[in-house]
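Take a look at the structure below.
Values reported hereafter were calculated over all heavy atoms of this structure, with side chains retained and with hydrogens, waters and symmetry mates removed. Predicted model, so just to flag it, every value in this text is computed and none were measured.
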Amino acid sequence: MCRVKEQTKEATPGNAACLIKIDKWLLTIGHRHSGKLDLPGGLSNGEESAQCTAHRETWEETGFNVEVGAFLGENEAGFRFYACQLQDDFGSEMKTFPVPDWSRMEISSIQLTDPFEIQIHDWRFEEELLQIRALFNRADETDEKPSDIE
């Protein structure tokens, strides 16, 4: 089931990722093959909205059942970024999270990272890092507690 905040629901299709902000931290994943950091996200299955792509890919890569919120922006290739929130009161006390067994072929780590301390050569798509930092700052504008899903 795709969890999307009702007031931000849209039908736009596309490839997408979740930007998950916890306090001053950004939830990032480490890709096993490149060794570089990225946001959880990926390619649409062709039959889902970009928000549902962001939700599904985040679940597949992290095991987190996020609620997808507001559209934050897209890169030059049309890859869409959404503000997503974890359920409950996730705080920044934990900096690393276990990688689910099912995603270990692709994902090597899940952690909270300061997006302004990431070196450009450590980001999977280097040309996106400045945009990710700007979107991280915009995520405050959509920072609300997850609502009940209908």
Provide the full list of disulfide bond (SG atoms under 2.5 Å apart) pairs with a residue in residues 9-40, sequence neighbours left out, each pair given once. C18-C84
Drop me the distance from [X]'s [atom1] to [Y]'s [atom2], to the nearest 0.5 angstrom.
X: Y82; Y: E74; atom1: OH; atom2: CD; result: 8.5 Å
X: L39; Y: L135; atom1: CG; atom2: CG; result: 8.5 Å
X: F81; Y: N15; atom1: CZ; atom2: CG; result: 10.5 Å
X: H31; Y: E106; atom1: NE2; atom2: CD; result: 5.5 Å
X: T96; Y: L112; atom1: OG1; atom2: CG; result: 8.5 Å
X: L72; Y: K21; atom1: CG; atom2: NZ; result: 10.0 Å

Ignoring hydrogens and angles, tell me if any N or O in the side chain of K36 forms a donor-acceptor pair with the backbone of H121 under 3.5 Å. yes
Please check: side-chain N/O of T113 versus main-chain N/O of T28, any donor-acceptor pairing under 3.5 Å? no
Partner set under ring-ring contact (aromatic ring centres under 6.0 Å, His included) for W123, not counting sequence neighbours: none
Using a 4.5 Å cut-off on heavy atoms from C-beta on, say whether the side chain of [Y] contacts that of [X].
X: V66; Y: I20; result: yes
X: V68; Y: K5; result: no
X: I132; Y: L26; result: yes

All side-chain contact (heavy atoms from CB on, under 4.5 Å) counterparts of [X], not counting sequence neighbours:
X: E48; answer: S44, N45, C52, T53, R56
X: T62; answer: L27, I29, P40, T58, F64, I110
X: E127; answer: F125
X: T12; answer: E10, R80

Indicate whether any N or O donor in one side chain lies under 3.5 Å from an N or O acceptor in the other, for Q51 and S49. no
Just checking, is any N or O donor in the side chain of H55 or R3 under 3.5 Å from an acceptor N or O on the other one? no
Verify side-chain hydrogen bond (donor to acceptor under 3.5 Å, both in side chains) between E60 and S103, making sure each step is shown before the conclusion. CA-CA 7 Å; E60 289 175 0; S103 67; over 6 Å; no
On a heavy-atom basis, the closest approach of P115 and R133 is O-NE, 2.7 Å
All heavy atoms of G63 vs all of W102, minimum pair found to be CA-CZ2, 3.7 Å
Decide whether [X] and [Y] are clustered together by the hydrophobic rule: side chain heavy atoms of Ile, Leu, Val, Met, Phe, Trp, Tyr closer than 4.5 Å, transitively.
X: I118; Y: F116; value: yes
X: F71; Y: V4; value: yes
X: I107; Y: M94; value: yes

Chi angles and distances behind the side-chain contact (heavy atoms from CB on, under 4.5 Å) call for W25, K95: CA-CA 9 Å; W25 305 96; K95 296 289 189 276; 3.4 Å; yes
